[in-house]
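In listed order, ligands and their atoms are each counted from 1.
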Amino acid sequence: MMRTRTQVGIVGAGPAGLLLAHLLARRGIESVLIEIRSREYCEARQRAGVLEDGSVSLLRGAGVGDRLDRQGLEHGGIYLQFGGERHHIDFRDLTGGRTVTVYAQTEVVKDLIARRLADRGGDAIRFSVSDTEVAELDSDRPVLRYTDADGTRHEVICDAIAGCDGFHGICRPAIPAGALTVWERDYPYAWLGILADIPPSTDELIYAHHPAGFALHSLRSPTVSRLYLQVDPDERIETWSDERIWAELARRFELPGWTLQQGPVLDKSITPMRSFVSAPMRHGRLFLAGDAAHIVPPTGAKGLNLALADVAVLAPALEALLHGDGEPAASYSDSCLARVWRSTHFSWWMTTMLHRTPGADEMEQQLQLSQLRYVVSSRAAATSLAENYTGFVPLPTGPLSTGPAPTGAPPSGAPPTGAPPVQAERSQ
Ligand SMILES: Cc1cc2nc3c(=O)[nH]c(=O)nc-3n(C[C@H](O)[C@H](O)[C@H](O)COP(=O)(O)OP(=O)(O)OC[C@H]3O[C@@H](n4cnc5c(N)ncnc54)[C@H](O)[C@@H]3O)c2cc1C
């Protein structure tokens, strides 16, 4: 067993864990970041692609926005399609200039991985670990254990642990039963998503309501399209040939004078739809962030933004905690949950307005169409959609970095101030 010491142990190198490690490093705080998957897997995993203004500012302010600024596609609205018509919702006009930026989660992850490895060296993210465990959460020296890719078991004594290990991770289940309240809703449909090597057939995202089910035309870049179809949750991807997918997409997006461009399918998968919130987002010295604490259906494009927002709140809270001020850490959960619940409601609202519930009667469709007509004809209703889509609850506006490392903060690899003597890389 190798025993080491750090200030913050971070479980999971998704967007939340990677950004947290970076924000902490800018504050002079050491962390150990572990990830069960390989670097290649993390960088290729197709997920979200829409960043709120606040997320763009956060990444830019954290010094990891260069490629985002060069390659991100700023969008000033979305299209809602229903009843054979396509309507534009103009975010800039409705919200006084706010926008969203299309920049794939894969690219956010690549930028953050590259930055951490450049700043801290080759082992600054421990990829491909296994048997991750967190323990002693009620003490002020919580413990992180894992086995590295070479088979060596590690035990890291921390001041705090951040559970950024997604919905299926080990951190949330490590919290004793009864300490968490959980709210959960599974939807009776899923999304079949494809990544296609073809320029998008649209300048902004199209959300299509159709009697056969919802469809979304999104994009990843000027040359790569991302498209989704509502399917049954027990649908098997093998039964969906590329031809069948394109035919169904063309049917749901059909509009006179407009053509859906088709191209090679690079990736396809089926994602279940779920709303899930667990609270509080802290137990002792374990702090949950991102999908580890909450999941939204992707219709509102909120999951990635919530993950980034959580760690923007968590980084200064951990810094204060490590300097003896526990108040921001005490209010971490409540500050995040206000944003989480707003996004949870908005994502549920968009989802239930646009999807066909299997077995639902004709009334559901009429109610949805009435709601959609209201959104595109009432400025108040359109503004409500626009301000939620672009991000209603602002991100913390405090400094993203305290600049130079606080006095007494350790250099890379050294023990934190006030920590017990390091038993550096001692084998047991
Ligand atoms: C298939 C899919 C499609 C999605 N599409 C969209 C979308 O279109 N729009 C949208 O807004 N959101 C979407 N989301 C949601 C969005 O991608 C997530 O909200 C976002 O990834 C959350 O980031 P995170 O860092 O909290 O979690 P994750 O990205 O899940 O990262 C968690 C990391 O922890 C690692 N991990 C797990 N267990 C352990 C362990 N025991 N030890 C160490 N590491 C561990 C995982 O491998 C992963 O790298 C999608 C999610 C999924 C699953």
Option with minimal heavy-atom separation from atom 26 (O) of ligand 1, where the choices are Leu18, Asp291, Ile36
Asp291

Among protein heavy atoms, which lies nearest atom 46 (C) of ligand 1, and at what distance?
Glu35 OE2, 3.5 Å

Below 4.0 angstrom from a heavy atom of Tyr228, which ligand 1 atoms are there? Numbered from 1 as shown, please.
8 (O)

What do you reckon, does Ala16 have a nitrogen or oxygen under 3.5 Å from a nitrogen or oxygen of ligand 1?
yes

May I ask you to check whether over 12 heavy atoms, not counting those of Glu133, lie within 6.0 Å of atom CD?
yes

May I ask you to identify the nearest protein heavy atom to atom 42 (N) of ligand 1, giving residue, atom name and distance to one decimal place in Å?
Thr132 OG1, 3.0 Å

Contact atoms of ligand 1, heavy-atom distance to Ala307 under 4.0 Å
22 (C), 23 (O), 26 (O)

Using a strict threshold of under 4.0 Å (side-chain N to carboxylate O), is an ion pair present between Glu43 and Arg37?
no

Carboxylate-amine/guanidinium proximity below 4.0 Å for Glu364 and Arg356:
no

Shortest protein heavy-atom distance from atom 1 (C) of ligand 1, along with the residue and atom involved:
Thr271 OG1, 3.4 Å

Around atom CZ of Phe167, are there more than 12 heavy atoms from other residues, nucleotides or ligands closer than 6.0 Å?
yes

Do any heavy atoms of Arg45 fall under 4.0 Å from ligand 1?
yes

Looking only at heavy atoms of Phe167, does any of them come nearer than 4.0 Å to an atom of ligand 1?
no

Lys/Arg-Asp/Glu bridge criterion (N-O < 4.0 Å) met for Glu248, Arg251:
yes

Among all protein non-hydrogen atoms, which one is nearest to atom 13 (C) of ligand 1, and what is the separation to 0.1 Å?
Ala48 CB, 3.6 Å

Enumerate the atoms of ligand 1 whose separation from the nearest heavy atom of Ala301 is less than 4.0 angstrom.
11 (O)

Could you tell me the residue and atom name of the protein heavy atom closest to atom 37 (C) of ligand 1, and the distance to it rounded to 0.1 Å?
Asp165 O, 3.2 Å

Is Arg5 salt-bridged to Asp159, going by a charged N under 4.0 Å from an acidic O?
yes

Please could you name the atoms of ligand 1 that Ile170 approaches to less than 4.0 Å, counting only its heavy atoms?
41 (N)

Give the numbers and elements of all ligand 1 atoms closer than 4.0 Å to a heavy atom of Arg37.
47 (O)

Do Phe82 and His87 have ring centroids that are under 6.0 Å from one another?
yes

among protein heavy atoms, the one nearest atom 21 (O) of ligand 1 is Gln105 NE2, 2.8 Å

Short list, please: which atoms of ligand 1 are under 4.0 Å from a heavy atom of Gly169?
38 (N)

In ligand 1, the atoms that come under 4.0 Å of a heavy atom of Gly290 are 26 (O)

Just going by heavy-atom distances, which of Gly14, Gly166, Pro15 is nearest to atom 23 (O) of ligand 1?
Pro15

Do any nitrogen or oxygen atoms of Gly49 lie less than 3.5 angstrom from nitrogen or oxygen atoms of ligand 1?
no

Enumerated ligand 1 atoms positioned under 4.0 Å from heavy atoms of Pro298:
6 (C), 7 (C), 8 (O), 9 (N)

Tyr79 atom OH, over 12 foreign heavy atoms within 6.0 Å
yes

Which of these passes side chain to side chain contact (heavy atoms under 4.5 Å, CB included) with Gln81: Leu354, Leu372, Leu255?
Leu255

Among Arg226, Glu52, Lys302, Arg47, closest by heavy atom to atom 4 (C) of ligand 1 is Arg47

What closest approach, in Å, do Pro211 and Gln365 show between heavy atoms, and which atom pair accounts for it?
CG-OE1, 3.9 Å

Does Arg98 make a cation-pi contact with Tyr389 (under 6.0 Å, within 45 degrees of the axis)?
no

Could you check atom 32 (C) of ligand 1 against the protein and tell me its nearest heavy-atom contact, residue, atom and distance included?
Cys164 O, 3.3 Å

Give me the one residue out of Arg153, Met2, His154 that meets side chain to side chain contact (heavy atoms under 4.5 Å, CB included) with Asp148.
His154

Heavy atoms only: give me the nearest Ser275-Tyr187 pair and the separation to one decimal.
OG-OH, 2.6 Å

